[in-house]
Every structure is written in C-alpha cells, then in structure tokens.
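Data block below; observations after.
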Amino acid sequence: MKMSFFTDKSLLNKAKIVGKILVVFILSVLLFVPTPALALDYNGTLQTYVSNTKVEIDGVLTSIKKLSSLSYENGKTTLAEVDDQLHKIKTDAGNNAEYFKNLSNNYQISYENNLKNLNQLYLKQQYLEKMGFPPSNPISSNFVGLSIKHYEEQNQNFSKVIVLTNKISQLCDDLEKRINLAKQKSGNVKEYADELLSFSDPEILGEISELDKFVADLTKNLSLGT
C-alpha cells in the first residue's frame, strides 16, 4: 500500500514536470513564425539586380560608342550623361552592398539564436528520454520533435540566405569599386577632349577605346557574379 502511494506520487511528480515542459513546447510552437522561401526570394533578387544593371551598363556602352562620331559640344553632353549613368549605377551598388551586408548580419544573428534554441531542445529531448519518454513517444515527438524540426529547417534556410545576401553585397561592393575606376577613365576622356576640342582626334580615340573596354568588362565581371 505504501509502495503504491510512493509510485503514484512519483508518477504525479513526473507528470507535473513533463506538463511544465510541454507548456514551454506549446508556447514555442505558438510563437513560431512561418518562414517563406527566403533563399529563393533572394536568389531572384540577385538575378533581377544583375539583369537590370547589365541593361544600364549596356546603355552606357551605347553612349560611349557614339562619342567618336559626335561634335565636341554634343560629345561633352553625351560624356556628361555617361558620367551620370555611371554615378547612378555606382550609388545603387553602394547602397545595395550596405543593405545586403546588414541583412546578412541580421540573419546571422537569427541563425545563432536558433542554434541556441536547438541546443536547449536537444537537452530537453535527452531529459524526456531519461524520464521515460523516448523520441517515439507521442508526447516528446507533436512538441520536441516538431520544435527541433522547425528550427533545423529554419536554420538551413537562414544559411542559404546568409550565403546569398553576402554574395549580393560582395558583388555590389566590387562593382562600386570598379565603377570608380571607370569614372576615372571617363575623366581622362574629358580632359583629352577639353584639350583637343574634339572627340574624333586620333589621340583621344585610344582613351575612348579604353573606356569602352573597361565598361564592357563591368558587364563581363557582373556575369561572373551570378
């Protein structure tokens, strides 16, 4: 009789402990925020950015190729437009580099927080097993297993997003730096044109050709980024 009393008491205590654990699990499940296919979204963002930037750079190239056939006055106007176009691409690249770097850092923080939650859940799962509730038990598998699966899947997604946002940031940062060099070459063309009062003089054609090649390489290197 006494043994039965202690057994019942032990089971009651175990039930209370498990009950508290389940409350935590239920709350954690209720607090779950559905995670969309972020990796896919940002991959699409990268492709769109590269495509749009290629179109803009192609527009710059078209303007550069016209320079040698233009009068000095018209050439100055076109070269100013080239510089404006390059400045816009550079500004967009710089803004995107900073934005996606911050985004990557934020996802990294979320990843690390999830990892802490996962480690706690693994410990709770081990505790439940010691309490007599193996992973196959329904109590430990609709709550602990569900929580673990959610965090693991979310962290897999976060990992992909971190890689992609870093890739976009690095791509934009590299593009910004190379456009700075392109703007320097554009400045060289302007100096020659102001000195020669022409965009068709043999001495300036080499500078225009260098500018054309450098801007064309921006598109080539941008393609490598995808």
* **Val215 and Lys185: CA distance, side-chain angles, deciding distance, side-chain contact (heavy atoms from CB on, under 4.5 Å) verdict** => CA-CA 10 Å; Val215 174; Lys185 292 194 176 293; over 6 Å; no

Return the minimal non-hydrogen interatomic distance between [X] and [Y], and the atom names on each side.
| X | Y | answer |
| --- | --- | --- |
| Ser63 | Thr78 | O-CG2, 3.6 Å |
| Leu211 | Ala182 | CD1-O, 3.6 Å |
| Ala216 | Leu61 | N-CD2, 3.6 Å |
| Ala193 | Phe199 | CB-CZ, 3.5 Å |
| Cys172 | Asn96 | SG-CB, 3.5 Å |
| Tyr42 | Leu103 | OH-CD2, 3.2 Å |

* To do: Evaluate the criterion side-chain contact (heavy atoms from CB on, under 4.5 Å) for residue pair Lys177 and Leu181; output intermediate values, then yes/no.
  => CA-CA 7 Å; Lys177 290 174 181 175; Leu181 296 175; over 6 Å; no

Are any of the side-chain heavy atoms of [X] and [Y] separated by less than 4.5 Å?
| X | Y | answer |
| --- | --- | --- |
| Leu218 | Thr53 | no |
| Phe100 | Gln170 | no |
| Tyr111 | Val161 | no |
| Lys90 | Leu175 | no |
| Val50 | Lys54 | yes |
| Gln120 | Asn117 | yes |

Can you tell me if [atom1] on [X] sees more than 12 non-hydrogen neighbours from other groups inside 6.0 Å?
| X | atom1 | value |
| --- | --- | --- |
| Phe214 | CZ | yes |
| Glu152 | CD | yes |
| Glu112 | CD | yes |

* Should Leu70 and Leu196 be regarded as members of a common hydrophobic cluster, given that ILVMFWY residues are connected when their side-chain heavy atoms come within less than 4.5 Å of each other, either directly or indirectly? -> no

* Does Leu46 share a hydrophobic cluster with Val163, counting links as ILVMFWY side-chain heavy atoms below 4.5 Å and allowing steps through other members? -> no

* **Asp92/Asn52 under side-chain contact (heavy atoms from CB on, under 4.5 Å): CA gap, chis, key distance, verdict** => CA-CA 11 Å; Asp92 290 343; Asn52 290 342; over 6 Å; no

Rounded to the nearest 0.5 Å, what separates atom [atom1] in [X] from atom [atom2] in [Y]?
| X | Y | atom1 | atom2 | result |
| --- | --- | --- | --- | --- |
| Tyr151 | Asn119 | OH | CG | 12.0 Å |
| Leu121 | Ile148 | CG | CD1 | 5.5 Å |
| Ser186 | Leu67 | OG | CG | 8.5 Å |
| Leu171 | Leu164 | CG | CG | 11.5 Å |
| Ile179 | Ile89 | CD1 | CD1 | 5.0 Å |
| Lys76 | Lys190 | NZ | NZ | 7.0 Å |

* To do: Verify, without hydrogens or angle tests, whether Ser209 (side chain) and Leu205 (backbone) share a donor-acceptor contact under 3.5 angstrom.
  => no

* Under 3.5 Å, is there a donor-acceptor pair linking the side chains of Asp194 and Tyr72? -> yes

* To do: Look at the rings of Phe158 and Tyr107 and say which category their plane angle falls in: under 30° parallel, 30 to 60° tilted, over 60° perpendicular.
  => tilted

List the atom pairs, donor and acceptor, that lie under 3.5 Å between side-chain atoms in residues 79-87 and the rest of the protein, sequence neighbours left out.
residue, atom, partner, partner atom, Å
Asp83, OD1, Lys183, NZ, 3.2
Asp83, OD2, Lys183, NZ, 3.4

